Amino acid sequence: MTRPFDLTDRVALVTGAGSATGIGFATARLLADLGAHVVVSSTTDRIHLRALELDRGDDPLGLVADLTDPEAVAAAMAGEKVGRPRNSK
């Protein structure tokens, strides 16, 4: 794939990426294909499966959080409640 621009060494947080067929996960795949390290989030544990699907050798993250809750956002940004994919390195 020819990259229209390079996102290498950039980090992208994509919310609402829990569905394998949804726009959130499609966006996450595109950003990963452009070189970004992508962190995906949703309100369910299935986000860990989506993170594994994005693995480009950079240990992807899946974050389970309700980002409409300010306390959950603060905890997530502080590194709490961050779930690593079950098969990560």
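Just the heavy atoms: all of them, side chains too, but no hydrogens, waters or symmetry mates, feed the values below. Bear in mind the structure is a predicted one, so any value in this text is a computation, not a measurement.
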On a heavy-atom basis, which atom in [X] and which in [Y] lie closest, and how many Å separate them?
X	Y	answer
R50	A17	CG-O, 3.2 Å
I47	S42	CB-OG, 3.4 Å
G62	A51	N-CB, 3.8 Å
T68	D66	OG1-OD1, 2.5 Å
R29	R56	O-NH2, 4.0 Å

- Tell me, yes or no, whether the heavy-atom count around R10 atom CZ, taken from other residues, nucleotides or ligands under 6.0 Å, exceeds 12.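 No - once you tally the heavy atoms of other residues, nucleotides and ligands closer than 6.0 Å, there are 12 at most.
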Is there a continuous path of hydrophobic side-chain contacts, each under 4.5 Å between heavy atoms, that joins [X] to [Y]?
X	Y	answer
V38	L7	yes
L34	V40	yes
V11	L67	yes
V73	V39	yes

- Query: Can you find a pair of side-chain heavy atoms, one from V64 and one from H48, that are under 4.5 Å apart?
  - Reply: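 Answer yes - side chains close enough.
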- Message: Between P60 and E53, is there a side-chain heavy-atom distance shorter than 4.5 Å?
- Response: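 Not in contact.
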- Message: Could you go through L54 and F25, starting from their C-alpha distance and side-chain angles, then the distance that decides it, and tell me whether this counts as side-chain contact (heavy atoms from CB on, under 4.5 Å)?
- Response: CA-CA 9 Å; L54 292 174; F25 189 61; 3.7 Å; yes
- Hey, could you give me the NE2/CG distance between H37 and L13, rounded to the nearest 0.5 Å?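 Output value for this atom pair is 10.5 Å.
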